[in-house]
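Since this is a predicted model, take the numbers as computed values, not measurements. In listed order, ligands and their atoms are each counted from 1.
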Amino acid sequence: TYVVTDNCIACKYTDCVEVCPVDCFYEGENMLVIHPDECIDCGVCEPECPADAIRPDTEPDMDEWVSFNRKYSEMWPVITVKKDPLPDAEAKDGETGKLAKYFS
Ligand code: SF4
Ligand code: F3S
């Protein structure tokens, strides 16, 4: 599976949702997640993210992100249409510590 990781937080560009063939992105207030059981591993969303927040779970230390994506994809509504990024998206792109700040 692919997963959304911390740099999506407070950016939420949503370019990713338009290309997903199985509509497996789910939307929270500050970020999106991918449902790991619905993702078919096609990889087309990865290069679409301006924040480089989408990673394959084959990279090291991704287990926590898979759990995170699974947990929230079961709580949040599906999103299939692109919308405006969050207002501070450009400033927040690359900021460290966003997970602790927004999900504590
Ligand atoms: Fe959707 Fe493909 Fe991205 Fe998985 S890898 S979330 S199926 S676009
Ligand atoms: Fe987030 Fe990137 Fe999609 S910032 S909303 S994963 S395009």
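- Here the straight-line distance linking atom CZ of Arg55 with atom CG of Asp61 works out to 13.5 Å at 0.5 Å rounding.
- Against a heavy-atom cut-off of under 4.0 Å, Ile34 is close to the following atoms of ligand 1: 6 (S).
- In this structure, OH in Tyr102 is found 12.5 Å from CG in Asp6, a value given to the nearest 0.5 Å.
- Taking the six-membered ring where the residue is Trp, Tyr26 and His35 present perpendicular rings, their angle passing 60° and hence far from 30°.
- In summary, the atoms of ligand 1 found under 4.0 Å from a heavy atom of Cys24, numbered by their order in the structure, are 1 (Fe), 6 (S).
- Protein heavy atom nearest atom 5 (S) of ligand 1, with residue, atom name and distance: Gly43 N, 3.1 Å.
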Check step by step if salt bridge (Lys or Arg N to Asp or Glu O under 4.0 Å) holds for Lys98 and Glu95. CA-CA 7 Å; Lys98 291 196 281 187; Glu95 186 179 294; over 6 Å; no
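- The distance from the CG atom of Asn69 to the SG atom of Cys24 is 9.5 Å, given to the nearest 0.5 Å.
- Enclosure of atom CD in Glu18 by more than 12 non-hydrogen atoms of other residues, nucleotides or ligands within 6.0 angstrom is indicated.
- A salt bridge does not link Lys12 to Glu29: none of the charged side-chain nitrogens sits closer than 4.0 Å to a carboxylate oxygen.
- No more than 12 heavy atoms of other residues, nucleotides or ligands shown are found within 6.0 angstrom of CD on Glu64.
- In Cys16, neither the side chain nor the backbone holds a heavy atom less than 4.0 Å from any atom of ligand 1.
- Against a heavy-atom cut-off of under 4.0 Å, Val44 is close to the following atoms of ligand 1: 8 (S).
- The 12-atom threshold is exceeded at CD of Glu59, counting heavy atoms of other residues, nucleotides or ligands nearer than 6.0 Å.
- The nearest N, O or S atom of Cys42 is not closer to atom 4 (Fe) of ligand 1 than 2.8 Å.
- For atom 1 (Fe) of ligand 2, protein N, O or S atoms closer than 2.8 Å were enumerated as Cys8 SG, with waters left out.
- Applying the 4.0 Å criterion to heavy atoms of Pro21 picks out, from ligand 1, the atoms 8 (S).
- Ring to ring, Phe25 and Tyr2 are not that close: their centroids are 6.0 angstrom or more apart.
- In summary, the atoms of ligand 1 found under 4.0 Å from a heavy atom of Val22, numbered by their order in the structure, are 7 (S).
- Taking atom 3 (Fe) of ligand 1 as the reference point, the nearest protein heavy-atom neighbour is Cys45 SG, 2.2 Å.
- Among all non-hydrogen protein atoms, the one lying nearest atom 1 (Fe) of ligand 1 is Cys20 SG, 2.3 Å.
- In terms of protein heavy-atom proximity, atom 4 (Fe) of ligand 1 is closest to Cys39 SG, 2.3 Å.
- Checking Asp52 against Asn7 by side-chain atom types alone, no donor-acceptor pair falls below 3.5 Å.
- Among protein heavy atoms, the minimum distance from atom 7 (S) of ligand 1 is reached at Ile40 N, 3.4 Å.
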